[in-house]
Asks: 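Here it is, the structure in full.
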Amino acid sequence: MEVLRVDAVVVVIAVLAALAIGGLVGFFARGSILGKRLQAVQTEVGKLMEDAQSKKKELLVEAKDEALRIKQAAEQESRERRVEVQRLERRIAQKEENIDRKLESLERRDRGLQTKERELDTLKSDLEEGKKKQLSQLEAIASLTSVEAKDMLLRKVDAEIQQETNRRLWEAEQHIKEESEQKARLIVAEAIERVATDVVSEATTVVVSLPSDDMKGRLIGREGRNIRALENATGVDLIIDDTPEAVTLSGFDPVRREVARLALTKLIQDGRIHPVRIEEMVEKAKKEVEEEMRRAGEQAVYEAGVTGLHPEVVRLLGRLRYRYSYGQNVLQHSVEAALLAGLMAAELGAKVQVAKMAAMLHDLGKALTHEVEGGHAEIGRDIAKKYGIADEVVDAIEAHHHDTEHISVEGFLVNAADAISGARPGARRDSLEHYVKRLQALEEVATSFKGVEKAYAVQAGREVRIMVKPEEIDDVGALKLARDIVKKIEDNLIYPGQIRVTVIRETRAIEYAK
């Protein structure tokens, strides 16, 4: 290609030279003056042609040298590539040979594994057959099937696990009990020592003294209109009997009974007894009782150190002044429980004000149990929610009879304070019939369990002592029996305060010297 390019250049130069010569010849043919110039040009053209031929030869030589050099380089590169290809072919052949050897080795191993697998299957079959024969021989010797033997073993293991669990539980309970009782005893003793209240009694009737027996006829009125007006206005029964110079007011609502007492006392002092006057006196008595309840509520929250209560809540607390539970005044019990809960909360680092308020309001629902359906814990919860009492206090009110689970430690302190206030000596009293029935029920619950020999309800039904047969119940079983009896008492009996269950197991060795 380089040679062709040189030839083309030479041709172009020759053509240009010819054109120039032709032009010059035509130009100088007109006159003789141009002849010399034409000759000179021709001479110059001849020189150019010679130089072009010389240049052509040089370019041809250089082109041939360059072509030779390129050819030699290409041949060298081709030789190197052939060597590299041969080397790669040898490596591929060697790898193929290695792969063939590995495949052959793997095939030999696979054949060996298949042989061993067949041997293992045969050995497994032999072992299974031997196991079945041994199992059949064992069942024949023991006269038990494998299922029966397994059940027997599981029962034995369950019994051992149960016994070990009871033993460890007993040890843990003893350890915890020793520590907790010591701490609780100190806290409760200090709280009780710092709180002292009077012993009160419950009454569902009120006796009003009369200046003379003639007053009875005036109270009855013509055709009984006065006594009917008084009973209708107050909702309380007026009992006029042979008791000299006295009448009896009977009613389950203590507020109504107090209103009737005040109204009747004022009527007797005034002397004017007729239906219109009775209604006036009853209205005045209601206002006085309402005012007295308000003052009683304010005095109670002041004594307990509880603040921030809605006035309506304070008024409802005042109604508890006329409410009794097992002979114990509920308002006084609430104050006492608030003080106890506050002292225990302070000792334990809990929220003192929350504990006080919750204990003060835990029986608030009893103020409306004669007017609203439901238990007093549920009623108290609704009242507390209505007047924006804190959730922790509402929880303690709702759960103080274990109807729901507590969400705070203050709720447990309210339960403890409630039990302490109700269980202290002289706080509550029962009728003789109810008292005897409760003792009998406690003893019946205790003797209903297997292994119990005797049961005695002591300390006015606040403790049950149980004697068990030592050959039927061991020490660990005695612990479980106590828990079972406690659970049954909680599920089946209604009682104030708490009941202690003591299980006594005694083994005696008796010999006689003759």
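Keep in mind that this is a model prediction, so the values were computed, not measured. We number each residue from 1, following the sequence as shown.
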Asks: Applying side-chain contact (heavy atoms from CB on, under 4.5 Å), run through I499 and L493 and close with a yes or a no.
Replies: CA-CA 11 Å; I499 298 175; L493 300 183; 5.5 Å; no
Asks: For the residue pair A263 and A285, what are the closest heavy atoms and their distance?
Replies: N-CB, 3.8 Å
Asks: Taking atom OH of Y387 as the centre, does the number of heavy atoms from other residues, nucleotides or ligands within less than 6.0 Å exceed 12?
Replies: yes
Asks: Step through the shown structure and confirm whether more than 12 heavy atoms of other residues, nucleotides or ligands are within 6.0 Å of CZ on R465.
Replies: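 At most 12 heavy atoms, drawn from other residues, nucleotides or ligands, come within 6.0 Å of this atom.
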Asks: Evaluate the criterion side-chain contact (heavy atoms from CB on, under 4.5 Å) for residue pair I268 and L264; output intermediate values, then yes/no.
Replies: CA-CA 6 Å; I268 293 172; L264 184 57; 4.0 Å; yes
Asks: Which heavy-atom pair separates A455 from A446 by the least distance, and what is that distance?
Replies: CB-CB, 3.6 Å
Asks: Could you tell me whether a side-chain N or O of E443 sits under 3.5 Å from a main-chain N or O of A457, the two making a donor and an acceptor?
Replies: yes
Asks: Could you check whether R228 pairs with E223 (Lys NZ or Arg NE/NH1/NH2 to Asp/Glu carboxylate O, under 4.0 Å)?
Replies: no
Asks: So, for L267 and R272, which heavy atoms are closest and what is the spacing to 0.1 Å?
Replies: CD2-O, 3.7 Å
Asks: How far does CE of M357 sit from CD1 of I397, to the nearest 0.5 angstrom?
Replies: 9.5 Å
Asks: Report the C-alpha distance between R277 and E280 in whole Å, list the side-chain angles of each, state the deciding distance to 0.1 Å, and finish with yes or no for salt bridge (Lys or Arg N to Asp or Glu O under 4.0 Å).
Replies: CA-CA 5 Å; R277 189 62 177 168; E280 293 176 357; 3.0 Å; yes
Asks: Answer yes or no: is there an ion pair linking K266 with E288, defined by an N-O contact shorter than 4.0 Å?
Replies: yes
Asks: Tell me the closest heavy-atom pair linking E231 and V236, and the distance in Å.
Replies: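 Closest approach of E231 to V236, heavy atoms only: CG-O, 3.2 Å.
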Asks: Given side chains that start at C-beta, do those of L361 and L317 come closer than 4.5 Å, heavy atoms only?
Replies: yes
Asks: In plain terms, say whether E290 and K287 are close enough for a salt bridge, that is, a side-chain N and a carboxylate O under 4.0 Å apart.
Replies: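 Salt bridge flag = no for K287 with E290.
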Asks: Between L316 and E312, is the side-chain contact (heavy atoms from CB on, under 4.5 Å) condition met? List the steps.
Replies: CA-CA 6 Å; L316 290 175; E312 182 63 20; 4.1 Å; yes
Asks: Apply side-chain contact (heavy atoms from CB on, under 4.5 Å) to residues R256 and T234 and explain how you reach the verdict.
Replies: CA-CA 6 Å; R256 292 181 180 180; T234 60; 5.6 Å; no
Asks: Closer than 4.0 angstrom, basic N to acidic O: yes or no for E292 and R295?
Replies: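 So E292 pairs with R295 through a salt bridge.
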Asks: Is it true that E129 and K132 make a salt bridge, defined as a side-chain N closer than 4.0 Å to a carboxylate O?
Replies: no
Asks: Which atom pair, heavy atoms only, marks the closest approach of M360 to V301?
Replies: CE-N, 4.2 Å
Asks: Measuring from atom CD of Q353 to atom CD of E392, what distance do you get when rounded to the nearest 0.5 angstrom?
Replies: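 Rounded to the nearest 0.5 Å, the CD-CD separation comes to 12.5 Å.
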Asks: Is the number of heavy atoms from other residues, nucleotides or ligands within 6.0 Å of CG (D391) greater than 12?
Replies: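 12 or below, so no.
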Asks: Would you say R505's side chain and P470's backbone share a donor-acceptor pair under 3.5 angstrom?
Replies: yes
Asks: Taking the side chain as every heavy atom from C-beta outward, state whether L481 and V501 have any pair of such atoms under 4.5 Å apart.
Replies: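 Result no, sub-4.5 Å side-chain heavy-atom pair not found.
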Asks: What is the distance from atom CD1 of I227 to atom CG of L238, rounded to the nearest 0.5 Å?
Replies: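 Result: 4.0 Å between the selected atoms.
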Asks: Between R294 and E298, does at least one N-O distance fall below 4.0 Å, as a salt bridge requires?
Replies: yes
Asks: Which value, rounded to the nearest 0.5 Å, describes the distance between D121 atom CG and K124 atom NZ?
Replies: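 Here the interatomic distance stands at 7.5 Å.
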Asks: Minimum heavy-atom separation for V414 to A355, with atom names?
Replies: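 So the minimum-distance heavy-atom pair works out to CG2-O, 4.0 Å.
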Asks: Can you classify the ring geometry of H362 versus H333 as parallel (below 30°), tilted (30 to 60°) or perpendicular (above 60°)?
Replies: perpendicular
Asks: Would you say the side-chain atoms of E303 and Q299 include a donor-acceptor pair closer than 3.5 Å?
Replies: yes
Asks: Taking atom CE of M467 and atom OG1 of T447, what is their separation to the nearest 0.5 Å?
Replies: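 Between atom CE of M467 and atom OG1 of T447 there are 14.5 Å.
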Asks: If we only count heavy atoms from C-beta on, is the L339 to V335 side-chain gap below 4.5 Å?
Replies: yes
Asks: Indicate yes or no: at least one non-hydrogen side-chain atom of I389 is less than 4.5 angstrom from one of L309.
Replies: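 Counting from C-beta outward, I389 and L309 do come under 4.5 Å.
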Asks: When rounded to the nearest 0.5 angstrom, what distance separates CZ in R483 from CD1 in I485?
Replies: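 One gets 11.5 Å once the value is rounded to the nearest 0.5 Å.
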Asks: Check this for me, if you would: do E128 and K131 make a salt bridge, where the nitrogen-to-carboxylate-oxygen distance has to be below 4.0 angstrom?
Replies: no
Asks: Counting only heavy atoms not in R225, do more than 12 sit closer than 6.0 Å to its CZ atom?
Replies: yes
